[in-house]
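Each ligand, and each atom within it, is numbered from 1 in the order the structure gives.
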Amino acid sequence: MVINEPNSPPAIALSSLAEHVQQGLSQTPKTLSSKYFYDETGSQLFQQIMALPEYYPTRTELAIFRAQGAAIGQALGAGTGPGEPLAVVELGAGDGLKTKLLLRELLAARPGAAPTYVPVDISPSALEGLVATLRQELPALPTEPLAAEYGAALRELATRPGAKAVLFLGSNIGNFAPAEQQQFLAALAEPLTPADRLLVGFDLRKDPRRIRAAYDDAAGVTAAFNLNLLRRLNTELGADFQLADWQHFPDYDPSTGAMRSWLVSRRAQTVRVGALGGQAFEFAAWEAIHTENSYKFSLPQIEALAAGAGLRVVEVFEDGNHDFADVVLAV
Ligand code: AVI
């Protein structure tokens with residue numbers, strides 16, 4: 001987008017981040033997307049979150065893969081002969097820690113026809129780290145990393161020939177608003193053939209206090225992760241957010257499964273954004289910016305979501321506590 005104002009010298013070409021901030025902070029309630037959490041600092045903070053005692057999803061999904069990795073690997077390759085090429089496309093791969101377990105299973109089950117791993121992530125630094133560890137740990141695995149947003153991953157799926165196993169783990173699906181969850185699954189399903197498989201990780205509904213604590217850890221790492229978004233706007237867009245004037249606030253609604261995070265303004269204040277020509281945004285005392293959804297699901301809800309996206313549930317893998325589910329889907 002280009003803004004041309006009368007008498008203003010050169011037009012300002014806005015980055016997508018600047019455009020997003022202009023739109024998000026002009027609406028009511030104000031909102032910024034969690035997809036912008038993941039600059040280098042944000043990705044590092046997310047790594048720390050995944051190791052926090054309160055943040056159970058990552059270690060629970062890892063436990064599912066450790067206990068049932070062989071069966072999951074089999075379910076993913078079930079539509080494809082062992083000699084046929086298979087691409088494992090992972091959206092939001094991050095450090096790939098959990099996926100390596102599945103990749104090992106697929107490599108062992110397909111001698112002479114190693115799957116090609118296509119990790120897609122918005123963070124180039126996270127991908128670089130992942131590719132470096134894969135080279136050491138799984139040297140036989142052909143890897144084609146893609147530093148891009150989910151839209152590019154969908155295009156990759158639509159154009160890549162051959163059988164595919166698509167991974168969308170970690171309950172990343174919960175970061176979408178409900179209407180978008182179905183739309184996104186439908187877009188993932190669109191290019192798939194009946195031989196392809198989709199594996200989606202869903203964080204399940206549970207004790208609301210445990211859920212809220214996972215997003216409000218005692219060490220304050222999740223607060224730093226949320227606040228890092230404002231630091232990023234200061235650094236990249238020349239905004240003047242005073243971080244001490246903002247408070248991380250998570251809230252969980254057990255009636256809808258909506259886990260939401262906010263940044264709350266501790267006082268009335270004006271923030272200017274250099275990249276928007278110094279545009280000012282007013283915040284009332286205790287006004288909130290919505291920054292993240294992390295929806296939690298029930299199994300019937302997952303079935304309905306899949307059906308609405310044109311997918312059928314092939315198999316469900318859960319931990320013994322029913323905290324998390326990895327669901328194999330097919331068209
Ligand atoms: C990446 N995503 C699934 C995480 C979640 O649980 O929504 C991001 C996160 N936000 C706060 N803690 C973790």
Side-chain angles (χ1 to χ4, degrees), residues 31-62 64-65 90-99 119-123 125-127 130 149-150 153 167-178 180-181 184-185 199-232 246-253 256-264 289-297 302 305 319 323-327:
T31 179
L32 293 171
S33 168
S34 60
K35 79 175 178 184
Y36 294 109
F37 281 170
Y38 301 90
D39 65 351
E40 202 169 336
T41 308
S43 295
Q44 281 165 7
L45 286 166
F46 184 52
Q47 291 292 321
Q48 291 178 34
I49 286 174
M50 288 191 288
L52 288 169
E54 296 94 334
Y55 193 76
Y56 58 82
T58 309
R59 78 175 63 85
T60 309
E61 192 172 42
L62 189 62
I64 294 172
F65 286 5
E90 180 171 14
L91 282 73
D95 68 359
L97 179 69
K98 293 164 288 185
T99 314
V120 184
D121 202 281
I122 197 169
S123 162
S125 58
L127 271 183
L130 170 58
E149 292 189 16
Y150 292 151
L167 313 182
F168 194 42
L169 306 177
S171 207
N172 283 334
I173 184 83
N175 294 136
F176 288 113
E180 296 168 348
Q181 290 163 11
F184 190 72
L185 279 187
L199 179 68
V200 184
F202 292 92
D203 193 11
L204 298 177
R205 301 219 190 167
K206 58 184 67 60
D207 181 342
R209 287 191 168 77
R210 260 186 84 206
I211 292 178
R212 199 178 48 198
Y215 294 84
D216 202 11
D217 60 285
V221 183
T222 311
F225 180 61
N226 198 3
L227 284 160
N228 178 60
L229 182 56
L230 302 185
R231 192 206 50 77
R232 182 176 183 183
W246 293 87
Q247 175 183 285
H248 165 65
F249 181 75
D251 96 89
Y252 178 64
D253 178 349
T256 59
M259 174 67 229
R260 287 171 301 189
S261 294
W262 309 82
L263 286 166
V264 182
I289 309 174
H290 175 232
T291 54
E292 191 181 41
N293 293 313
S294 301
Y295 274 85
K296 309 303 167 196
F297 301 85
I302 293 170
L305 186 60
D319 61 300
D323 280 341
F324 200 94
D326 281 290
V327 181

Peer 1: Under the side-chain hydrogen bond (donor to acceptor under 3.5 Å, both in side chains) rule, what do T99 and E90 come out as? Steps first, then yes or no, please.
Peer 2: CA-CA 9 Å; T99 314; E90 180 171 14; 2.7 Å; yes
Peer 1: Could you list the residues that satisfy ring-ring contact (aromatic ring centres under 6.0 Å, His included) with F65, not counting sequence neighbours?
Peer 2: none
Peer 1: Within 45° of the axis and under 6.0 Å from the centre of the six-membered ring of Y56, does NZ or CZ of R210 qualify?
Peer 2: yes
Peer 1: Using only atom types and a distance under 3.5 Å, with no angle test, would you say the side chain of D121 pairs donor to acceptor with the backbone of S123?
Peer 2: yes
Peer 1: Any chance the side chains of N226 and T291 put a donor and an acceptor closer than 3.5 Å?
Peer 2: yes
Peer 1: Quick check, are the ring centers of Y38 and F225 under 6.0 angstrom apart?
Peer 2: yes
Peer 1: For a quick check: using heavy atoms under 4.0 Å, what are the residues in contact with ligand 1, sorted by chain and number?
Peer 2: Y38, F46, I49, Y55, G170, S171, N172, N175, Y215, T222, F225, E292, S294
